[in-house]
2 protein chains.
Amino acid sequence: MTRRLAEVAKKVGVSEATVSRVLNGKPGVSEATREAVLTALDVLGYERPTQLRGDRARLVGLVLPELQNPIFPAFAEVVGGALAQQGFTSLLCTRTVGGVSEADYVDLLLQQQVSGVVFAGGFYAQADAPHQHYELIQERKLPTVLVNAAVDHLGFPQVSSDDYVAAEMAIGHLRALGHRRIGMVLGPRDHIPSRRKLEAFLAAEEADPGLVEHTMFSLEGGHAAATKLVNSGVTGIVCASDILALGAIRAVRRAGLSVPDEVSVIGYDDSAMMNCTDPPLTTVRQPIDAMGRAAVDMLVALIERAAVPADELLFEPELVVRASTARARI
Amino acid sequence: MTRRLAEVAKKVGVSEATVSRVLNGKPGVSEATREAVLTALDVLGYERPTQLRGDRARLVGLVLPELQNPIFPAFAEVVGGALAQQGFTSLLCTRTVGGVSEADYVDLLLQQQVSGVVFAGGFYAQADAPHQHYELIQERKLPTVLVNAAVDHLGFPQVSSDDYVAAEMAIGHLRALGHRRIGMVLGPRDHIPSRRKLEAFLAAEEADPGLVEHTMFSLEGGHAAATKLVNSGVTGIVCASDILALGAIRAVRRAGLSVPDEVSVIGYDDSAMMNCTDPPLTTVRQPIDAMGRAAVDMLVALIERAAVPADELLFEPELVVRASTARARI
DNA sequence: CCTATTCACGCAAGAATTTGCAAGCACTTG
DNA sequence: CAAGTGCTTGCAAATTCTTGCGTGAATAGG
């Protein structure tokens, strides 16, 4: 009875062909006409054929702070793969130098009618601006999962690796090897995972708050921070990422010392290729596979309006001992 | 009634030609007339009939084959940054296991009305399916730039690093070090950059076609391929990516030999952290920074309807000598 | 006052885009 | 399996925009 397409065509005063072209985003339709058809479509409450427009919503945004640290691309692959299996397509959004801010991406994603968003890594709790767009998300009830990126008071489900335990493991390993003067290289002061690691550090025996350095997450940052620590006479350095650790190793060597004979270095993440470095890096592995899948499971549950616990899902990290740590010389 | 241009012309009391000239900033219109037309344009809310995809979202799709090889995230950062500077937002699309195909992404991007697309790496010329969606893009006249990914006959501008020269450099370096029995580890047979490297290999003196291995782009692939080559008694291995090279190094060691003392290994890309590996990897660097920016420049030019040479822009790679290559023992 | 030069502008040819027709395709129904 | 319904698509006509060229007006110079 309902010549659906024909009906719309008549209402707008164009041919079915044109409506069809608009529906499929085909070229050869003027903007004015396209607009008119789209409006009529909405007015008549046209149900778009399954595959198209209505379904465009099976998109999920994945927001990452950077791609330099290989842990983020790796995480993106895990999440992308898991989403693909559930029939979602992921859109990767990365902050770029002088480029798009997180807030811009949120706008974009909202505009693209995504079904949900996964935020991973690097939230800076202190900054004021960020809060605004989370509230926007909350307002729209857009399913959202946070990974390693706590934002309290907003009730988003969170998936994190247990930074406190991770730091404990690293410090414990060094202490077991006889190290007593242990330093720590962390990310920026307002980086939540770094804060949590700091807590664990300060809670450890013989911890010296003077041996904590905050820096940017880059090789050079690690280098600079570790140089100070080496000058303070540490024999072991715990880093908040593998990249920082590689920078630290370089710093130690630049100071004329050897890793691990004179100074031990521990990383964090266990990104790819850390077993190919010189020396192979001892590090604390984040179970990104499990975390990614958990995040996707929660997100999908949210999207399907299932109840999801709003608290934080903590994943246990794992110490991977390679060759950048050794018994302390007295 | 919708003689849009005519309507404006009538309102101002000039000919369509004049309005057209104003619209296109052509000379031959007096300042007063221009002003009048501009005003009328504003009043009537005239919209350019041309495809204004560009203004809509200023989105650009960046399609990558994977993220495991750090060169791709690095490239994504370059392109993303360059686009951001020009006021575009980039959407990163990656093929994932059992997930979204390139064709699906093209559909998605078309649907999102992107202003343009950059395809990088990993085109498989042989496969039949791929052609279809390039044609779709061509049909829609969507600005597109290909990076390291030749597709002939379609007239997309291309930016590539010169694989032939890169392979020549690598082989030349090994030969200069006295190596005579040189093997090559390449990607899949239908991977264009690998083919080009193969050509250079076969053109070299004393080249032995039996010492070429095709494999997947993964550490394990490199390992497997290099194992065969080592068994064939090569003293030097040229790899088509740094990841393959790391796999090759592992294979050499597994065979009880040392790198570089007994077997030299050369990578390709110069991804991040290749100076932290054991041994630091000798490799041929792709100038991804320059390439990324060139690709973006061309894309933006295309989006703004400027003329762009349809031929391939070849970038010269650069040999980075570190410690995975050494003089051949006799 | 007349002629030369310049410039804006319209005419109309031509290029490009939009649109409808009708054939064709996929899918359902009798 | 034919007939029908609803959507897609090749093609040609129609519409809309661009551009070369010529006209006429305005200005300047003689």
Side-chain angles (χ1 to χ4, degrees), chain A residues 1-56, chain B residues 1-56 103 106-107 110-111 113 115 131-143 155 302-308:
Chain A
M1 64 123 196
T2 48
R3 298 192 160 231
R4 332 269 272 114
L5 213 159
E7 209 178 336
V8 178
K10 197 167 152 202
K11 167 124 187 164
V12 189
V14 295
S15 71
E16 297 179 33
T18 305
V19 180
S20 166
R21 276 185 271 255
V22 171
L23 237 37
N24 296 299
K26 287 283 169 69
V29 181
S30 74
E31 200 54 38
T33 308
R34 187 182 297 275
E35 201 91 341
V37 172
L38 249 22
T39 309
L41 242 34
D42 282 343
V43 170
L44 292 179
Y46 183 90
E47 266 178 43
R48 291 100 190 260
T50 39
Q51 201 187 33
L52 294 170
R53 309 256 151 176
D55 209 17
R56 85 148 51 145
Chain B
M1 68 169 285
T2 49
R3 296 192 163 231
R4 325 277 273 108
L5 206 157
E7 211 177 331
V8 177
K10 196 168 153 202
K11 167 126 187 166
V12 189
V14 294
S15 72
E16 298 178 29
T18 305
V19 180
S20 169
R21 275 185 271 257
V22 171
L23 236 34
N24 295 298
K26 289 282 168 70
V29 182
S30 71
E31 201 49 47
T33 310
R34 187 180 298 274
E35 199 80 356
V37 172
L38 249 22
T39 309
L41 242 33
D42 212 26
V43 171
L44 292 179
Y46 180 86
E47 270 177 43
R48 246 169 226 258
T50 40
Q51 336 204 23
L52 18 92
R53 260 195 280 262
D55 295 334
R56 199 145 276 264
V106 169
D107 280 352
L110 283 171
Q111 228 170 67
Q113 309 253 40
S115 310
H131 283 307
Q132 197 121 34
H133 58 266
Y134 300 139
E135 278 162 21
L136 189 61
I137 286 175
Q138 209 178 23
E139 212 175 86
R140 305 260 191 121
K141 303 212 170 93
L142 186 63
L302 276 176
I303 290 172
E304 279 157 11
R305 287 164 207 296
V308 163

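Since the structure is predicted, the reported quantities are computational estimates derived from the model, not experimental observations. Labels below follow one simple rule: chain letters A, B, ... track the order of the sequence lines, proteins then strands, and each chain is numbered from 1.
- Of the inter-residue distances, the one linking A:Leu23 atom CG with A:Leu38 atom CG reads 8.5 Å to the nearest 0.5 angstrom.
- Atom CG in B:Asn24 sits roughly 13 Å away from atom C1' in D:dT16 (whole-Å rounding).
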Quick test: give all pairs of protein nitrogen or oxygen and nucleotides 20-23 of chain C nitrogen or oxygen below 3.5 Å, distance rounded to 0.1 Å.
unit_1, atom_1, unit_2, atom_2, d
C:dG20, OP1, A:Ser15, N, 3.4
C:dG20, OP2, A:Ser15, N, 2.7
C:dG20, OP2, A:Ser15, OG, 2.8
C:dG20, OP2, A:Thr18, OG1, 2.6
C:dG20, N7, A:Arg21, NH2, 3.0
C:dG20, O6, A:Arg21, NH2, 3.1

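- Contact detail for B:Ile303 and B:Ser115: the closest heavy-atom pair is CG1-O, 3.4 Å.
- Taking every heavy atom of residues 28-38 of chain B and every atom of DNA chain C, pairs under 4.0 Å involve B:Gly28, B:Val29, B:Ser30, B:Thr33, by number.
- Summarising the geometry, the separation between NZ on B:Lys10 and P on C:dG10 is reported as 15 Å, rounded to the nearest angstrom.
- The two atoms that bring B:Gly25 and B:Arg34 nearest to each other are CA-NH1, 4.1 Å, heavy atoms only.
- Of all heavy-atom pairs spanning B:Pro27 and B:Arg21, the tightest one is O-CD, 3.8 Å.
- Counting all heavy atoms, side chain and backbone alike, B:Pro143 lies closest to B:Leu302 at CB-CB, 3.7 Å.
- B:Ala36 and B:Val12 make their closest contact through CB-CG1, 3.8 Å (heavy atoms, listed as atom of the first residue, atom of the second, distance).
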